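This report concerns only the one structure given below.
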Amino acid sequence: MNDSFKKIAVFLVSAVLLVALPLVLQTQGNAWVRIVDIALLYVMLALGLNIVVGYAGLLDLGYVAFFAIGAYLFALLESPHLTETFPAIKAMFPNGLHISIFIVIPMAFLLAAIFGVILGAPTLKLRGDYLAIVTLGFGEIIRVFLNTLDHPYNITNGPKGILAIDPVHIGGINFGKTLKLDGFSIPSVTLYYYLFLALVIITVIISHRLQLSRVGRAWMAIREDEIAAKAMGINTRNMKLLAFGMGASFGGVSGAMFASFQSFVSPESFSLMESVMIVAMVVLGGLGHLPGVILGAVLLAALPEVLRYVAGPLQAMTDGRLDASILRQLFIALAMIVIMLVRPRGLWPSPEHGKSLHRRKAPDPVPGSTQAVTPGVDNPADEVPGDSSRPMSINP
Amino acid sequence: MDILLQQIINGLVLGSMYALIALGYTMVYGIINLINFAHGEVLMVGALTSWTIIGWMREAMPNSPGWLILILALIIACIVAAALNFVIEKVAYRPLRNSPKLAPLITAIGMSILLQTVAMIIWRPTNKAYPTLLPSESVHIAGASISPTQIMILGLTAVSLAVLMWIVNFTKLGRAMRATAENPRVAALMGIRPDMVISATFIIGAVLAAIAGVMYASNYGIAQHAMGFIPGLKAFTAAVFGGIGNLGGAVVGGILLGVIEAVGAGYLGAVTGGVLGSQHSDIFAFIILILTLTVRPSGLLGERVADRA
């Protein structure tokens, strides 16, 4: 009774805070709301990647590719680029392609999921570091194609990117313009805030339900021990493909939102650095633990932006060597190293994660008996710096 | 035909640089199972250090010959890179040896970004022209030309490889390294200090990376803070291609990858009628990587092992 009352109270307070946040921030300037918007997009990305890395244990370093796919799909379908380049499309849609987002977002979801499965299929047998490198290569391949698909047919407009993307329209509301409600006006960034918040909440709910479901348990079983999972009758192939597909689809949706929010896309936004950032958010926050992942995403996305405001004086002091973007990178790099050194399981790790990795505790020896630990075959005195249950390497 | 020969020569030069970098990856991976993402940045630090040294020396002693400056710069770059890699291992990787597997990988990525950022602060984020210190007249062989810098690269690679093979196969340290890679626990029981061996591995890897960095910069005539990352990735591909943990494999993989890339870049445009061009040459490495891992995960020269990749 008391407990559930507490839960409801926490829920209500956080709901009020989340709704009021942009209204408070926008008094300080829309730039602050913008930072929060971007942070929300990153939260969505991190939650999507968490399905792949946190639940299924498949390290994906090319996640930004799905973000790019969603963004470019949205950009192509909501900007004049296609109609301007291809007369045939112009003939079909004389007023330009302005497709409803209720069609485009499911398309982004599906297309990213398909690409996720395409990436997953050849990499099913790979694990750990190898998977990381292959996915990284996949991300780079997508980026190279975004850069070069401006000929022979100009699809992505090359490094210049696609401009003039429509803002989101839902019902009669144009998210790109300030909304006027009898004397009370809500700027565009705040509208986007509520849209993104809604999407993040949906993502959290889906992630949470997935985690508790049969599928989620199967993923976690694969993460802990793939062979054992297989022996228990889990179809590891389908489950891994599902993880790739589900994870990618969230990336696709958040990419579509990014495109409309920025109103332009270029390959520059989808560099390897972004993939690394998203992985860092998930790992720093706490793999497989939703509050941790959200914390990681908010910290890494928002804090460096805040640093921009203190960068000015610092830049003057170091005669231009330390500008805002360098400071941001420095902060991210240091955060990654220091947090991993201090808390290798992340800032807010899930309580059960890695249960199987803990060493089973032997019963306490009877004092004075030979059971007491003495250097010997089982307990070498000059122990190798490495967990004996997991040797440092298996050399081919 | 001339173009083919020329591209093969370019590929050999490129490949020997990949091979040197790949050796660093493969040695570290063989011993502590870590993809050292910061390895490419060690290359960059080596190249930029040598750039600074060359700048100083040209002012201090303008009449000394180019090759002398280059050799001195190379030696100093190797020392700086070795010290750097030693410190990185000690500070960032050693405390994480028993942590969950992702932790050292994330730290390595963080280290890579950190080194790039610090390089941007020290050397500023601009492209630097790397001086050509060797004579620039090319030697012509059967219609293809090869510059003295490229000859130097091929020669230096051969020498480095010979020295490395000698260290690994015929010295006490080399035996300790092989033993540690095989089984660190048993190696420790035999009186080997794994920490010492791991440090030595990082130092050797850094020296090779610094040599590759100086060669890379003098071959392309340019040096900047992000120059290490892509060659690093490709070298890792080369290491996997050849069979990770296998030194010979890293060399073969590196040289093959370089040749495939150079020949591919030369002919891709003509073969596909201009749809794909040399700007797609970066993709080769990744396609080779994916194919290798799917078809033969143990690599060209690696032995088959269960549960490897």
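In what follows, chains are A, B, ... by sequence order, proteins preceding strands, each numbered from 1. Just so we're clear, the structure is a prediction, and the values are computed from it rather than from any experiment. Scope of the values below: all heavy atoms of this structure, side chains included, with no hydrogens, waters or symmetry mates.
A:V134 touches chain B through backbone and side chain together, each having a heavy atom under 4.5 Å away. Of the atoms belonging to A:V338, not a single heavy atom falls under 4.5 Å from chain B. Contacts of A:I133 with chain B are made by both backbone and side-chain atoms, with heavy-atom separations under 4.5 Å. Interface remark: A:L272 contributes side-chain atoms only to the contact with chain B (heavy atom separation under 4.5 Å). Only the side chain of A:E140 comes within contact range of chain B, with at least one heavy atom under 4.5 Å from a heavy atom of that chain. With a 4.5 Å cut-off on non-hydrogen atoms, B:I121 touches chain A through its backbone and its side chain both.
Note on B:I113, B:L105, B:T237: by heavy-atom pairs under 4.5 Å with chain A, the leading option is B:I113. Interface summary for chain A: among B:L114, B:L291, B:I287, B:L115, the most heavy-atom pairs under 4.5 angstrom belong to B:L114.
Around CZ of B:R94, the count of heavy atoms belonging to other residues, nucleotides or ligands within 6.0 Å exceeds 12.
With values rounded to the nearest 0.5 angstrom, B:M111 atom CE is found 9.0 Å from A:L334 atom CG. Atom CD1 of A:I332 sits about 8.5 Å away from atom OG1 of B:T117, to the nearest 0.5 Å. Summarising the geometry, atom OG1 belonging to A:T135 is positioned 10.5 Å from atom CZ belonging to B:F286; distances are rounded to the nearest 0.5 Å.
The shortest non-hydrogen separation linking A:A333 to B:G110 is CB-O, 3.5 Å. Looking at every heavy atom in both residues, A:L341 comes nearest to B:A92 through CD2-O, 3.6 Å. B:I106 and A:M336 get closest at one heavy-atom pair: O-CE, 3.7 Å.
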Next item on the list: Would you please test A:L61 and B:I109 for side chain to side chain contact (heavy atoms under 4.5 Å, CB included) and show each step?
Entry: CA-CA 11 Å; A:L61 279 183; B:I109 297 172; 4.1 Å; yes
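Each of B:L289, B:I35, B:L233 was scored for a side chain to side chain contact (heavy atoms under 4.5 Å, CB included) with A:L136, with one residue passing: B:L233.
Under the rule for a side chain to side chain contact (heavy atoms under 4.5 Å, CB included), the partners of B:I167 that lie at least two apart in sequence or sit in another chain are B:V163, B:T171, B:L173, B:I204. With sequence neighbours left out, the ring-ring contact (aromatic ring centres under 6.0 Å, His included) criterion links A:Y55 to no other residue.
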